[in-house]
Amino acid sequence: GKPPRHFAVRRREGVFQPADATIEGDSVRLETTMPAAEVAVVGYGQAGFPEPPVNLTDTSGLPATPFLLEIDQSQTRSPAEPPPPIADPP
C-alpha cells in the first residue's frame, strides 16, 4: 500500500514539522529533517479534516485513531546501538 500520511514531529517547544512515514514489519519508521535527539512529540492525524485523508490502518483495515506521543529521550537509543542484553531469570 501507500505510505502512511499525516505524521508530524516537534521539539518540546515549537511547531509540528511533517515527517515521512514507512511501515517496517509491525512498526512505523519516521524520517524528518529534525535530529532524532530533539524530537519530543510525535503526532498522527492531528489536523481536523486532513486532505488527503489519513490512511494508517491496522491489520483488519480499521483506521488508526489520531494520537500524540511524547518521547522520553532517556529511553531511546540510536539505530546503530545494539539492544540491551536480556537478563537471565534468577
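For the numbers below, each heavy atom of this structure counts, side chains included, while hydrogens, waters and symmetry mates do not. Small disclaimer: the values here were computed from a predicted structure and weren't measured.
Checking side-chain atoms of Arg10 against main-chain N and O of Arg12 turns up a donor-acceptor pair under 3.5 Å. With hydrogens and angles ignored, the 3.5 Å screen pairs a side-chain donor or acceptor of Tyr44 with a backbone N or O of Leu56. Judged purely by atom type and a 3.5 angstrom limit, Gln17 has no side-chain atom pairing as donor or acceptor with the backbone of Thr33. Checked by atom type and distance alone, the side chain of His6 pairs as donor or acceptor with a backbone atom of Pro52 at under 3.5 Å. Between the side chain of Asp20 and the backbone N or O of Leu30 there is no donor-acceptor pair closer than 3.5 Å. Judged by distance alone, the side chain of Arg5 and the main-chain N or O of Pro53 form a donor-acceptor pair under 3.5 Å.
A single hydrophobic cluster is not seen to contain both Leu68 and Val28; linkage of ILVMFWY side chains at heavy-atom distances under 4.5 Å, directly or through other members, places them apart.
In this structure, the side chains of Val41 and Ile71 stay at 4.5 Å or more apart for every pair of heavy atoms. In this structure the side chain of Pro4 reaches within 4.5 angstrom of the side chain of Ile23, judged on heavy atoms.
The line from OG1 of Thr65 to CG of Asp58 is 9.5 Å long, rounded to the nearest 0.5 Å. Rounding to the nearest 0.5 Å places CZ of Phe7 at 10.5 Å from CD of Gln46.
For the pair Pro66 and Gly45, the tightest heavy-atom approach, listed with the atom from each and the gap, is CB-O, 3.3 Å. For Ala19 against Val9, the heavy-atom pair with the smallest separation is CB-CG1, 4.2 Å.
Taking Ile, Leu, Val, Met, Phe, Trp and Tyr as members and joining any whose side-chain heavy atoms lie under 4.5 Å apart, directly or through other members, Val15 forms no hydrophobic cluster with any other residue.
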Report the C-alpha distance between Arg11 and Met34 in whole Å, list the side-chain angles of each, state the deciding distance to 0.1 Å, and finish with yes or no for side-chain contact (heavy atoms from CB on, under 4.5 Å). CA-CA 9 Å; Arg11 293 173 173 86; Met34 185 181 299; 3.6 Å; yes
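The local environment of CD in Glu70 is sparse, with at most 12 non-hydrogen atoms from other residues, nucleotides or ligands closer than 6.0 Å.
Sorted by first then second residue, the ring pair (Phe, Tyr, Trp, His ring centres under 6.0 Å) pairs that include residues 11-43, not counting sequence neighbours, number zero.
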